[in-house]
Structure formats: C-alpha cells, structure tokens
Amino acid sequence: MLALLRPLLAACLCLLAPGARGRAPPRGDGFHYQDISDGNGKGEIYFNGVRLHVETPRLSVSATRGSSVTLPCHFRYEPELSAPRRTRVKWSWLPANAAGGPVAPEAFVRETEVMVAVGDRHRSYGGFRGRVRLRRSAPGDMSLVITGLRLNDTGRYRCEVIDGLEDESVTVELELRGVVFPYYSQRGRYQFNFFGAQQACRDQEATLATFEQLFAAWEDGLDWCNAGWLADGTVQYPITAPRGGCGGVELAPGLRSYGQRHRLLHRYDAFCFSASLKGTVYFLKQPTKLNFTEGVQACAGDGGRIATTGQMYAAWRLAGLDRCDAGWLSDGSVRYPIARARANCGPSEPGVRSFGFPPRNMHFGVYCYR
C-alpha cells in the first residue's frame with residue numbers, strides 16, 4: 001500500500017517546493033515566459049519590475065487616396081532596458097464600413113490582421129500584402145507605413161506589442177480627405193436597397209459614407225432632405241436649416257436618423273464618399289453641344305474618358321474645379337461645379353449643380369477625366 005502512495009506523495013512535495021507555485025508552463029509561441037511572483041494584488045502583474053508602454057502621438061491621421069501614410073506607434077520600457085528584448089508586433093484593422101454585408105452584429109467588431117512582425121521577420125495579409133511595412137526609424141518605432149491608399153482603407157488600426165505576458169496596444173484612426181455627396185438612381189428617389197447603394201457609389205468611384213464622414217459634411221454645411229444609406233447600414237440625412245417635411249422646425253439642426261433598416265427590403269438614396277484622385281477632371285471644349293453618346297466618344301478621342309459624379313465632386317471640393325457650363329457625366333446625369341458662387345450660375349452657395357438625368361439625346365457639354 002505504501003508503495004502505491006509514494007508517487008502521489010512525491011507529487012505533493014513537488015508542488016510545495018519553493019518557487020514551484022509561480023512557475024509558468026512551457027509555451028509554444030516562440031517567446032520566453034519568466035517566473036512571475038510580484039504583483040500589486042489587484043490582478044496587475046509585472047515582469048522583473050519592468051513595464052511595457054505602447055504609445056502614439058496622433059490618435060487620427062488623414063491622407064489622400066493613392067498616397068502613402070504612416071500610422072505612428074512606438075513602444076518603450078520603464079525603466080529602460082540595457083539590452084533589447086524579443087518582441088512581437090501585430091497591426092490589425094477594423095474597417096470604417098465594417099457592416100458591409102448581411103452578417104451578425106457581433107461580427108462588426110472583428111478586426112482583420114494587417115501585419116505581424118517578430119524581429120526582422122514579418123508577414124502581411126489580404127489586401128495589405130505588399131503595401132505595408134514597419135518604419136523602424138528608431139528603437140521601438142513600430143509605425144505602420146501603408147502605400148497606395150485605397151478608398152476602403154479607412155478605419156481603426158490597432159498596434160499591439162507583445163513581450164512575454166506583457167501585451168499593450170494603441171489605436172489610430174485613418175481617414176481619407178474627400179467629399180460626401182448625396183446620390184439617387186436614374187429611376188428616381190428611394191430606389192436603392194443597401195447593396196444597391198453600395199454598388200451605386202462604387203460605380204461613381206466612391207464608397208458609402210460613414211457616419212463620421214456624413215457628420216463632418218454636415219458640420220461643413222451639407223443640407224439634404226432625402227434619407228440615404230450609410231456604410232454601417234443606418235439611414236440618415238443632414239439638416240442645417242430645420243423646416244417642415246425634413247423632421248420639422250421643432251428639431252435642432254443635425255443628422256436625422258431612421259436607425260438600422262432592412263438591407264434587402266428597405267429602399268432609400270445613398271450618401272457616397274469620394275476622395276482625391278490622381279487624374280484631372282476637365283470640361284472638354286467643343287464647337288457644338290453633344291448628346292450623351294457623342295460626349296463619351298469625345299472624351300475617348302481626347303485621350304481620356306467621361307468623368308463620374310464622384311470624380312466631379314472630388315475635383316470640385318479638393319481641387320477647386322469651377323465651371324459654369326453643364327456637362328454630361330458617365331451615369332447619364334448632367335452637372336456642373338461651382339467653387340465661387342456668382343450670378344447666372346445657380347444658388348448663392350458653392351456646390352455641384354445638377355440637372356438630374358435628362359434624355360440622352362439632349363445636347364450639353366461633357367466633363368472628361370484623364
């Protein structure tokens with residue numbers, strides 16, 4: 001009987017041995033985990049009295065489409081270490097339009113891996129492959145450099161630094177400088193379900209606007225009394241001058257919201273977001289006015305293509321495009337951009353004037369993109 005109890009007794013003595021209680025089991029992730037026995041009694045622990053800090057000097061960064069941008073992230077130790085340690089860095093991303101499909105709400109907060117680096121080795125993922133790197137301009141600099149910015153790169157980026165049991169992170173918001181514009185179908189108002197609105201914006205070299213982008217546009221004076229889809233699946237519209245039929249005069253200026261709507265069944269307009277472009281939007285001078293087909297051919301003959309509505313809005317807002325001549329655009333609409341309001345060029349406020357979607361055999365000028 002005593003012989004049977006000896007292994008159990010030996011195991012108990014091993015557990016009671018000094019230092020055995022704080023020993024961590026081996027891990028298989030390539031990191032060395034030290035014995036930890038010092039803590040503050042509140043669940044917060046330190047390794048060897050050294051604390052890891054991860055910091056960013058900027059909580060948000062804005063850039064232009066097609067450019068490169070750096071999202072700052074630095075880490076340091078307190079007190080400072082005499083020798084470098086082996087750390088793991090992970091950048092992840094939560095898109096601004098995370099609600100881009102018919103998925104469960106809990107999936108909206110799921111972050112996507114952008115890059116993981118250990119020492120000099122790194123790996124990038126998905127649409128970021130080949131477009132991202134770590135800056136490493138100084139010890140502890142883990143800033144993320146993204147090249148060839150795309151419209152859908154906006155969102156919240158997380159820089160996470162891992163050293164043993166220490167794990168700290170910061171987030172940086174990436175925004176594109178651009179313009180929000182309301183958009184409706186050639187068939188009339190309130191024709192888009194959510195997915196139709198997404199496609200309509202893409203067709204105009206744009207994306208569905210986020211709530212933050214629409215709010216910023218409202219702060220800049222956007223006033224539009226037709227509800228439109230946003231990237232998060234809500235339906236809203238901006239009002240700067242309260243009035244009847246637009247929420248009523250009793251409500252203060254702001255964004256009117258219908259909340260989340262059914263993405264397949266409910267139909268509204270869209271609020272699109274267009275960023276700056278690499279090319280140029282210009283009015284093509286012609287001796288005579290053109291119908292739509294002639295306008296398309298004229299732009300091609302000039303070495304370009306007919307401009308989209310999104311390109312015109314971006315050129316108006318970001319490049320100061322100003323032309324008091326109505327012209328065809330690629331969706332069959334007729335518009336003209338006014339950066340400096342003046343007599344005989346529409347209302348007293350700057351903006352993109354619209355003639356809607358006239359019959360394509362009518363004659364106007366044409367706006368091209370090259």
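Since this is a predicted model, take the numbers as computed values, not measurements. We count residues from 1, following the sequence as given.
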Nearest 0.5 angstrom please: [X] [atom1] to [Y] [atom2], how far?
X	Y	atom1	atom2	answer
L255	L222	CG	CG	9.0 Å
R267	S185	CZ	OG	9.5 Å
T70	R133	OG1	CZ	7.0 Å
F194	T234	CZ	OG1	9.0 Å
D325	K285	CG	NZ	9.5 Å

Would you say the side chain of [Y] lies within less than 4.5 Å of the side chain of [X], judging by non-hydrogen atoms?
X	Y	answer
W218	P253	yes
V172	C159	no
Y77	L52	yes
V116	R88	yes
F271	Q213	no
C324	N344	no
F128	L144	no
D203	T308	no

Item to check | Polar side chain donor-acceptor pair, D141 to S143, under 3.5 angstrom | outcome: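 Yes, because at least one side-chain N or O of D141 sits under 3.5 Å from a partner of the opposite role on S143.
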
Checklist entry - Aromatic rings Y367 and F283: how do their planes relate, parallel, tilted or perpendicular, breaks at 30° and 60°? => result perpendicular

Item to check | Exercise: identify the closest heavy-atom pair between Y336 and G346 | outcome: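 Smallest heavy-atom distance, with atoms named: OH-N, 3.7 Å.
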
Checklist entry - At their closest point, which heavy atom of A270 faces which heavy atom of C201, and how far apart are they? => result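 In this case the closest contact between A270 and C201 is CB-SG, 4.2 Å.
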
Checklist entry - Has R189 got its NZ or CZ under 6.0 Å from the middle of the six-membered ring of Y184, at an angle within 45 degrees of the ring axis? => result yes

Next on the checklist: If we check side chain to side chain donor-acceptor pair (under 3.5 Å) with Y183, which of these qualifies: D331, D269, T309?
Outcome noted: D331

Checklist outcome for this item: The side chain to side chain donor-acceptor pair (under 3.5 Å) partner of S92 among E160, E111, R156 is E111

Next on the checklist: ring pair (Phe, Tyr, Trp, His ring centres under 6.0 Å), that's the test. Do Y237 and W224 meet it? Break it down for me.
Outcome noted: CA-CA 6 Å; Y237 61 99; W224 194 256; over 10 Å; no

Next on the checklist: What I want to find out is whether R76 reaches E55 closely enough, with some N-O distance under 4.0 Å, to be called a salt bridge.
Outcome noted: yes

Checklist entry - Considering the options S330, S274, C272, which one meets the side chain to side chain contact (heavy atoms under 4.5 Å, CB included) requirement together with Q204? => result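 Among S330, S274, C272, the one meeting side chain to side chain contact (heavy atoms under 4.5 Å, CB included) with Q204 is S330.
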
Checklist entry - Is atom CG of L59 surrounded by more than 12 heavy atoms (other residues, nucleotides or ligands) closer than 6.0 Å? => result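 Counting neighbours around CG of L59, 12 or fewer heavy atoms of other residues, nucleotides or ligands fall under 6.0 Å, so no.
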
